2 protein chains.
Amino acid sequence: MALEHAILVSLTEQSATGYDLARRFDASIGYFWRASHQQIYRTLTRMAADGWVEGTTEHRDGATDRTTYAITSAGRAELGRFSATPSSREPLRSDFAVKLRGLLDTEAAIADAKARRADHQARLDTYEASEKRHYPDPAALTEDERGPYLALRGGILLERAGIAWCDEILGHLDRSER
Amino acid sequence: MALEHAILVSLTEQSATGYDLARRFDASIGYFWRASHQQIYRTLTRMAADGWVEGTTEHRDGATDRTTYAITSAGRAELGRFSATPSSREPLRSDFAVKLRGLLDTEAAIADAKARRADHQARLDTYEASEKRHYPDPAALTEDERGPYLALRGGILLERAGIAWCDEILGHLDRSER
DNA sequence: CCTTGCCATGCAATTAGTTGCATGGTTAGG
DNA sequence: CCTAACCATGCAACTAATTGCATGGCAAGG
């Protein structure tokens with residue numbers, strides 16, 4: 001249900017077209033809420049009907065039409081309501097954990113752990129570069145920076161945990177090559 | 001798609017009824033793959049049709065019928081195929097991270113962080129008790145223990161990361177009460 | 001005895017999410 | 001010029017997941 005809110009948060013940061021949002025959901029806000037371009041377009045349409053966002057269509061000569069969406073005061077009110085609502089733990093669905101739980105092919109698990117470790121490291125590198133660029137002094141954050149900074153910190157801690165997990169797995173399974 | 005495999009892994013550990021599996025998905029294997037009872041029943045039916053599991057229905061006097069499912073050799077082959085397949089990163093969808101990213105209600109966020117911290121701690125306590133009971137000596141694991149142990153370790157690292165995140169959040173937002 | 005919870009299975013109506021394809025445009029590189 | 005990629009939106013057909021309710025049984029506690 002929070003796709004709406006993820007979109008509203010992103011539009012609060014900056015108005016955008018559906019295409020812009022789809023790009024943002026490939027990175028940035030998409031690190032915390034994964035959504036397909038179809039969900040985004042469908043949800044934008046619904047939120048415009050609900051009055052939470054307002055779309056302005058621009059007809060361009062020689063280029064396709066584009067609609068820019070901005071959050072409305074009703075949208076801000078909905079975000080306020082969402083902010084006051086307690087969240088619950090996200091359901092986990094992990095192929096990798098299931099595979100480990102029923103470990104059958106040690107070599108494949110080692111290869112998978114290595115690939116996942118690399119993926120976690122790449123994501124962590126991205127997060128840490130962003131942290132360094134946007135929040136060089138975490139003790140001196142502005143009011144508006146605290147939320148995004150703490151969200152980013154969550155991502156960093158998650159990626160580090162993923163790396164630590166892969167290292168433990170490789171430490172246990174990958175004995176012959178150490 | 002891995003619900004099938006989560007069920008097959010669980011049936012490899014022990015044959016079970018649909019009801020048993022639903023209970024296991026409330027804990028144990030459900031920590032790594034969340035599924036509703038309806039998904040479980042529906043998926044069992046499909047897997048029986050596919051020959052991956054075999055159900056034996058027991059008619060009981062004075063009690064309702066029950067079907068016990070066991071994995072078949074075709075099911076084991078499918079698990080083998082799954083084990084050889086690389087996994088991909090699980091999509092994340094976090095209300096809490098979205099809420100932080102667009103932080104509006106600091107007090108509500110503090111309350112939420114406290115509640116989530118308690119939830120992570122409870123889950124961690126469960127995992128660590130299980131670790132202590134089932135794997136008192138991680139340096140001396142049997143072949144069959146390594147996978148489940150490493151899956152459990154993943155859960156432990158994840159919960160610790162969640163606690164660390166909540167502590168950072170509270171350290172930044174909850175100043176007036178420290 | 002009645003209520004609630006547990007054992008056991010499954011329907012139904014719904015929401016959430018995916019994937020590719022379609023359409024119609026521009027730009028850049030070979 | 002042609003191909004591939006980007007900009008932009010949306011259809012369609014589908015799978016995944018949820019939630020409660022329904023049905024029919026037993027057990028335990030008030």
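Keep in mind the model is a prediction, meaning the values are calculated, not measured. Numbered from 1 within each chain, the chains take letters A, B, ... in sequence-line order.
Across the interface with DNA chain C, nearest-nucleotide mapping of B/His37 and B/Pro91 shows B/His37 to be the residue nearer the 5′ end.
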Which atoms of nucleotides 4-7 of chain C (N or O only) lie under 3.5 Å from a protein N or O atom, and what are those distances?
| from | atom 1 | to | atom 2 | distance (Å) |
| --- | --- | --- | --- | --- |
| C/dC7 | OP2 | B/Tyr19 | OH | 2.8 |

Check the interface with nucleotides 26-29 of chain C: list each N/O to N/O pair with the protein under 3.5 Å, or write none.
| from | atom 1 | to | atom 2 | distance (Å) |
| --- | --- | --- | --- | --- |
| C/dT26 | OP1 | A/Gly62 | O | 2.9 |
| C/dT26 | O5' | A/Gly62 | O | 3.4 |

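Distance from the side chain of A/Asp20 is smallest for D/dA8 among the nucleotides C/dA16, D/dA8, C/dG10. The nucleotide whose nearest atom lies closest to any side-chain atom of A/Arg42 is, among C/dA8, D/dG10, D/dA13, D/dA13. Considering only side-chain atoms of B/Gln38, the nucleotide from C/dT18, C/dG20, C/dC11 that sits closest is C/dC11.
Side-chain heavy-atom separations under 4.5 angstrom define the hydrophobic clusters, and the remaining members of the one that includes A/Tyr41 are A/Tyr19. Hydrophobic cluster membership of B/Leu92, counting Ile, Leu, Val, Met, Phe, Trp and Tyr whose side-chain heavy atoms lie under 4.5 Å apart directly or via other members: A/Leu92, A/Leu158, B/Leu158.
Contacts of B/Ser36 with the nucleic acid, taken as non-hydrogen atoms under 4.0 Å apart, include base atoms. Heavy atoms of B/Thr67 sit under 4.0 angstrom from primed sugar atoms or phosphate atoms, though from no base atom.
Applying the side-chain hydrogen bond (donor to acceptor under 3.5 Å, both in side chains) rule to A/His172 yields no partners; only residues at least two apart in sequence or on another chain are considered. Not counting sequence neighbours, the partners of B/Phe96 by the ring pair (Phe, Tyr, Trp, His ring centres under 6.0 Å) test are B/Trp165. Residues forming a side-chain hydrogen bond (donor to acceptor under 3.5 Å, both in side chains) with A/Arg66 (at least two apart in sequence, or on another chain): A/Glu58. The side-chain hydrogen bond (donor to acceptor under 3.5 Å, both in side chains) check on A/Ser73 picks up nothing, with sequence neighbours excluded. For A/Asp125, the side-chain hydrogen bond (donor to acceptor under 3.5 Å, both in side chains) partners at least two apart in sequence or on another chain are A/Gln121.
Within the structure, every side-chain polar atom (N or O) of A/Tyr41 is placed at least 4.0 Å from both OP1 and OP2 of D/dG10.
The aromatic rings of A/His5 and A/Phe82 lie parallel to each other, with less than 30° between the two planes, well short of the 60° mark.
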